[in-house]
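Beneath this line is the structure, given in structure tokens, with notes to follow.
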Amino acid sequence: MSELHVMDHPLIRHKVAIMRDKNTGPKEFRELADEVATLMAYEVTRDLPLEDVEIETPITKAKFKMIAGKKMGIVPILRAGLGMLDGVLKLIPAARVGHIGLYRDPETLEAVEYYCKLPTDVEERDLLVVDPMLATGNTAMEAIKFIKERNPRSIKFMALVAAPEGIKKIQDAHPDIDIWTAALDEKLNDHAYIVPGLGDAGDRLYGTK
Ligand code: URA
């Protein structure tokens with residue numbers, strides 16, 4: 001069963017609270033998204049396997065733990081997921097980066113993948129799919145479905161703000177996928193915005209509307 005991890009670190013809570021403020025402009029919003037993504041990456045990577053490595057310090061040789069060559073990939077869902085990419089890469093600089101973009105066909109209402117480029121050796125990689133807002137969960141659910149067709153070793157999903165509806169959608173469709181979110185909000189409104197949320201994350205990141 002998929003596990004849900006809701007961050008309770010004071011720094012994360014503080015920074016997300018500033019992001020929620022409608023008076024926070026795009027520059028500060030982007031910086032905060034970046035910082036929160038970095039802090040979350042620290043938690044998401046907590047289970048990385050370690051191996052013994054011999055290191056010679058100025059005093060002596062000894063064995064120390066280092067990450068056991070795990071191959072990772074980060075996949076932002078376009079466009080708002082890009083706001084979390086650099087923050088994660090700061091902690092996992094060797095990760096490869098994929099991108100996926102979806103739109104909803106206005107007639108069939110089906111999610112259509114318009115862009116998907118994943119690392120060439122995706123079958124050997126553990127992927128972290130990032131998108132700031134897990135609202136209805138439709139986009140994330142479909143993105144994960146398309147990514148699974150490329151057979152990565154594993155997938156984790158990371159959001160900044162999630163609604164219970166979105167969590168349930170992912171957990172029902174992809175029970176093998178663990179979810180990390182900086183905040184778990186109350187609900188969705190009639191326009192599928194998260195309440196209290198922070199508005200449209202893409203618009204807030206890039207100053208568009
Ligand atoms: N997407 C957003 O950017 N914000 C929401 O509240 C819901 C979906």
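None of the values given here were measured: they were computed from a predicted structure.
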From CA spacing to verdict: salt bridge (charged side-chain N to carboxylate O under 4.0 Å, His left out), Lys71, Asp121: CA-CA 9 Å; Lys71 289 182 162 186; Asp121 54 355; 3.3 Å; yes
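- By the criterion of side-chain heavy atoms lying less than 4.5 angstrom apart, applied directly or through intervening Ile, Leu, Val, Met, Phe, Trp or Tyr residues, Ile100 is grouped together with Phe157 in one hydrophobic cluster.
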Steps toward side chain to side chain contact (heavy atoms under 4.5 Å, CB included) verdict (Ile18, Glu28): CA-CA 9 Å; Ile18 302 172; Glu28 195 181 359; 3.7 Å; yes
In sequence, state the C-alpha distance, the side-chain angles, and the governing distance for Glu54 and Lys63, and then conclude on salt bridge (charged side-chain N to carboxylate O under 4.0 Å, His left out). CA-CA 4 Å; Glu54 190 172 79; Lys63 285 204 168 136; 5.6 Å; no
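- Checking side-chain atoms of Asn189 against main-chain N and O of Tyr193 turns up a donor-acceptor pair under 3.5 Å.
- Contact annotation: the side chain of Val16 never approaches that of Met7 to less than 4.5 Å [non-hydrogen atoms, C-beta and beyond].
- Between the OH atom in Tyr115 and the CG atom in Leu78 there is a gap of 8.0 Å [rounded to 0.5 Å].
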Show your reasoning for whether salt bridge (charged side-chain N to carboxylate O under 4.0 Å, His left out) applies to Arg46 and Glu43. CA-CA 5 Å; Arg46 196 171 270 288; Glu43 280 301 324; 3.0 Å; yes
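- Aromatic ring orientation, His5 versus Trp180: parallel (interplanar angle below 30°, classes split at 30° and 60°).
- Here the closest heavy-atom approach between residue Met40 and residue Ala159 is recorded as CE-O, 3.3 Å.
- Here the shortest heavy-atom pairing between Asn138 and Arg104 reads CB-NH2, 3.3 Å.
- In this structure, Asp185 contributes its side chain and Gly197 its backbone to a donor-acceptor pair below 3.5 Å.
- Side-chain contact check for Met72 versus Leu48: some heavy-atom pair is nearer than 4.5 Å.
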Starting from the C-alpha separation in whole Å, work towards a yes-or-no answer on salt bridge (charged side-chain N to carboxylate O under 4.0 Å, His left out) for Arg150 and Glu113. CA-CA 13 Å; Arg150 276 87 168 179; Glu113 177 194 292; 3.0 Å; yes
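- One distance of note links CG of Leu4 with CE of Met1; it measures 9.5 Å at 0.5 Å rounding.
- When every heavy atom of Val97 is checked against every heavy atom of Pro76, the shortest pair comes out as CG1-CD, 4.2 Å.
- Listed for the Thr57 side chain is a donor-acceptor partner under 3.5 Å among the backbone atoms of Thr60.
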Would Leu188 and Thr136 satisfy side chain to side chain contact (heavy atoms under 4.5 Å, CB included), going step by step from the backbone distance to the final call? CA-CA 8 Å; Leu188 297 179; Thr136 63; 3.8 Å; yes
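- Between Asp176 and Lys148 there is a salt bridge, since a side-chain N of the basic residue sits under 4.0 Å from a carboxylate O of the acidic one.
- Between the CG atom in Leu118 and the CG atom in Leu127 there is a gap of 6.5 Å [rounded to 0.5 Å].
- Side-chain N or O atoms of Asp21 include one that pairs as donor or acceptor with a backbone N or O of Asn23 at under 3.5 Å.
- Closest heavy-atom contact between Ala111 and Glu142: CB-CG, 3.3 Å.
- The cluster map of Ile, Leu, Val, Met, Phe, Trp and Tyr, joined by side-chain heavy atoms under 4.5 Å apart, puts Met158 and Ile194 in the same cluster.
- Hydrophobic clustering (ILVMFWY, side-chain heavy atoms < 4.5 Å, transitive): Tyr206 and Met133 are in one cluster.
- In this structure, Met84 CE and Leu89 CG are separated by 12.0 Å, a value rounded to the nearest 0.5 Å.
- To the nearest 0.5 Å, atom CD1 of residue Ile155 and atom CG of residue Asp178 are 11.5 Å apart.
- Salt bridge annotation for Lys156-Asp126: absent, with no cationic side-chain nitrogen under 4.0 angstrom from a carboxylate oxygen.
- Taking each heavy atom of Gly87 and Asp34 in turn, the nearest pair found is N-OD1, 3.1 Å.
- When the shell of 6.0 Å around OH of Tyr42 is examined, it contains 12 or fewer heavy atoms from other residues, nucleotides or ligands.
- Looking only at distances, a side-chain donor or acceptor of His174 sits under 3.5 Å from a matching main-chain atom of Met141.
- The hydrophobic cluster containing Leu39 does not contain Leu134, counting ILVMFWY residues as joined when their side-chain heavy atoms lie under 4.5 angstrom apart, directly or transitively.
- A donor-acceptor pair is defined here as one N or O able to donate and one able to accept, closer than 3.5 Å; no such pair exists between the side chain of Arg204 and the backbone of Gly25.
- Side chain of Arg125 to backbone of Pro152: no donor-acceptor contact under 3.5 angstrom is found.
- Under 4.0 Å is where a charged nitrogen must lie from a carboxylate oxygen, and between Glu110 and Lys145 no such pair does.
- Side-chain contact between Thr181 and Leu160 is absent, with no heavy atoms from C-beta onward closer than 4.5 Å.
- For Thr24 (side chain) and Arg20 (main-chain N/O), no donor-acceptor pair under 3.5 Å exists by modelled atom type.
- In plain terms, the two heavy atoms of Asp131 and Ala80 that are nearest each other are OD1-CB, 4.2 Å.
- Between Lys27 and Glu31, at least one side-chain nitrogen of the basic residue sits less than 4.0 Å from a carboxylate oxygen of the acidic one, meeting the salt-bridge criterion.
- To the nearest 0.5 angstrom, Tyr103 atom OH is 13.5 Å from Thr139 atom OG1.
- Residues Val122 and Ile77 share a hydrophobic cluster, clusters being chains of Ile/Leu/Val/Met/Phe/Trp/Tyr side chains in contact below 4.5 Å.
- With hydrogens and angles disregarded, no donor-acceptor distance shorter than 3.5 Å links the side chain of Ser2 to the backbone of Gln171.
- Applying the 6.0 Å contact sphere to CZ of Arg79 captures more than 12 heavy atoms from other residues, nucleotides or ligands.
- Annotation for Lys90: atom NZ counts as buried by contact number, over 12 foreign heavy atoms lying within 6.0 Å.
- More than 12 heavy atoms of other shown residues, nucleotides or ligands fall within 6.0 angstrom of atom CD1 in Ile55.
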